[in-house]
Amino acid sequence: MSSPLRTSRLRLILGSLATAVGLGVALFLLPDASQQLNQKLKSKREAESNRNQQLRQLQELQLLADRLHRGQNTLANLEARLPKGSAGQLQWDLSKTLHALAKKNGLRLQSVKYGLPSREGARGTDLEAIEVEFVALGIYANHKAFMLDLEGSGLPFAVRDGRLEESPEGARLNIVLRAFRKAGAPAAEEGEA
């Protein structure tokens with residue numbers, strides 16, 4: 001009987017020892033492994049977040065680059081279409097267009113005034129602007145059609161100021177346009193060459 005008792009004790013001791021080792025592993029090694037796993041998962045999430053943020057920034061930069069490229073192309077196209085004649089020729093073209101469109105739309109032009117040509121931008125540019133101020137009298141619907149026709153005329157101008165007022169003669173439209181032309185190389189640069 002002593003043999004089965006010894007075997008049972010030996011099994012009990014080995015079982016207790018195995019249980020103690022298992023509890024030691026569970027208490028010391030598993031939390032460390034769990035912590036390492038959590039750190040790896042956190043690092044992975046942060047890396048994915050950083051990658052996604054960088055992809056968004058890259059897409060935003062690509063959109064900006066595309067807009068800049070389109071803007072450069074538009075500017076080059078606009079500059080190529082600018083008239084290259086004299087300031088007098090530009091004034092004549094504006095005058096003909098303004099009077100023709102006013103007549104077409106049933107408006108009466110008053111006090112068309114042209115300013116002196118002025119250089120635009122930094123030194124060395126060949127862009128010149130001429131201000132044109134005029135008053136048109138008529139009814140509102142005709143003013144709207146006039147401005148739409150003027151916009152579609154193909155003339156190189158921008159509206160600098162505009163006011164629509166009521167007057168005893170009808171609607172009064174006060175407009176200041178800036179017309180642009182390519183003046184050629186500035187005189188200072190021609191002398192330097």
Side-chain angles (χ1 to χ4, degrees), residues 54-193:
Q54 288 175 349
L55 284 174
R56 280 192 303 273
Q57 288 175 343
L58 182 62
Q59 289 171 343
E60 290 171 4
L61 289 174
Q62 185 62 46
L63 289 173
L64 178 62
D66 291 344
R67 280 197 332 247
L68 288 173
H69 184 67
R70 282 192 310 269
Q72 287 174 336
N73 289 342
T74 302
L75 189 58
N77 185 23
L78 178 64
E79 189 175 335
R81 291 186 335 210
L82 286 176
K84 294 175 179 67
S86 68
Q89 181 64 43
L90 179 58
Q91 288 176 353
W92 176 247
D93 291 342
L94 282 166
S95 181
K96 284 191 317 187
T97 303
L98 287 174
H99 285 286
L101 292 176
K103 184 177 179 181
K104 172 186 171 193
N105 291 293
L107 297 177
R108 189 168 41 112
L109 285 182
Q110 286 185 339
S111 66
V112 179
K113 299 176 193 172
Y114 295 93
L116 294 174
S118 64
R119 294 273 181 196
E120 291 294 311
R123 179 180 179 268
T125 184
D126 60 349
L127 187 62
E128 199 170 72
I130 300 172
E131 286 202 1
V132 182
E133 183 176 349
F134 65 90
V135 176
L137 297 171
I139 62 174
Y140 173 75
N142 293 357
H143 284 295
K144 182 178 178 183
F146 171 77
M147 289 305 292
L148 289 173
D149 286 345
L150 185 58
E151 184 180 314
S153 70
L155 290 174
F157 73 89
V159 177
R160 188 180 68 92
D161 190 24
R163 287 186 321 274
L164 182 63
E165 303 168 334
E166 281 296 320
S167 74
E169 302 157 323
R172 178 183 182 94
L173 181 65
N174 297 309
I175 295 289
V176 178
L177 300 177
R178 287 187 68 129
F180 299 93
R181 75 179 191 95
K182 235 179 146 121
E189 285 188 2
E190 288 174 2
E192 293 172 3

Peer 1: At their closest point, which heavy atom of Leu150 faces which heavy atom of Phe157, and how far apart are they?
Peer 2: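 Answer, listing the atom of Leu150 first, then Phe157: O-CE2, 3.4 Å.
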Peer 1: Take atom CG of Leu64 as the centre, draw a 6.0 Å sphere, and report whether it contains more than 12 heavy atoms from other residues, nucleotides or ligands.
Peer 2: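 Atom CG in Leu64 is packed in, count exceeds 12.
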Peer 1: Quick check on Glu151: does its CD atom have over 12 non-hydrogen neighbours (other residues, nucleotides or ligands) under 6.0 Å away?
Peer 2: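 Open.
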Peer 1: Taking all heavy atoms of Leu94 and all of Val132, pick out the closest pair and write down the distance.
Peer 2: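 Of all heavy-atom pairs spanning Leu94 and Val132, the closest is CD1-CG2, 3.6 Å.
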Peer 1: Ser167 and Arg172: which non-hydrogen atoms are nearest, and at how many Å?
Peer 2: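 Ser167 and Arg172 have their closest heavy atoms at OG-CB, 4.1 Å.
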Peer 1: Taking all atoms of both residues into account, what is the closest heavy-atom pair of Ala145 and Asn105, and its distance?
Peer 2: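 That would be CB-OD1, 3.3 Å.
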Peer 1: I need the Leu177 CG to Glu133 CD distance, nearest 0.5 Å.
Peer 2: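 It is 10.0 Å, given to the nearest 0.5 Å.
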Peer 1: Drop me the distance from Gln110's CD to Asn174's CG, to the nearest 0.5 angstrom.
Peer 2: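 One finds 9.5 Å between CD of Gln110 and CG of Asn174.
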Peer 1: Would you call Asp66 and Arg70 a side-chain contact if the rule is heavy atoms closer than 4.5 Å?
Peer 2: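 Contact flag for Asp66/Arg70 side chains = yes.
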Peer 1: Can you tell me how far the CG atom of Leu173 sits from the CE atom of Met147, to the nearest 0.5 Å?
Peer 2: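 Reported to 0.5 Å precision, the distance equals 6.0 Å.
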Peer 1: How long is the straight-line distance from CG of Leu137 back to CG of Leu107, given to the nearest 0.5 Å?
Peer 2: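 These two atoms lie 8.5 Å from each other.
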Peer 1: Roughly how far, to the nearest 0.5 Å, is the CG atom of Leu164 from the NE2 atom of His143?
Peer 2: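 One gets 6.0 Å once the value is rounded to the nearest 0.5 Å.
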Peer 1: Taking all atoms of both residues into account, what is the closest heavy-atom pair of Leu98 and Phe146, and its distance?
Peer 2: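 Nearest pair, atom of Leu98 first, then Phe146: O-CE1, 3.8 Å.
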Peer 1: Roughly how far apart are Glu131 CD and Asp161 CG, rounded to 0.5 Å?
Peer 2: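 Taking CD in Glu131 and CG in Asp161, the distance rounds to 9.5 Å.
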Peer 1: If you compare all heavy atoms of Ala179 against all heavy atoms of Leu90, which two are closest, and at what distance to 0.1 Å?
Peer 2: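 Closest approach of Ala179 to Leu90, heavy atoms only: CB-CD2, 3.9 Å.
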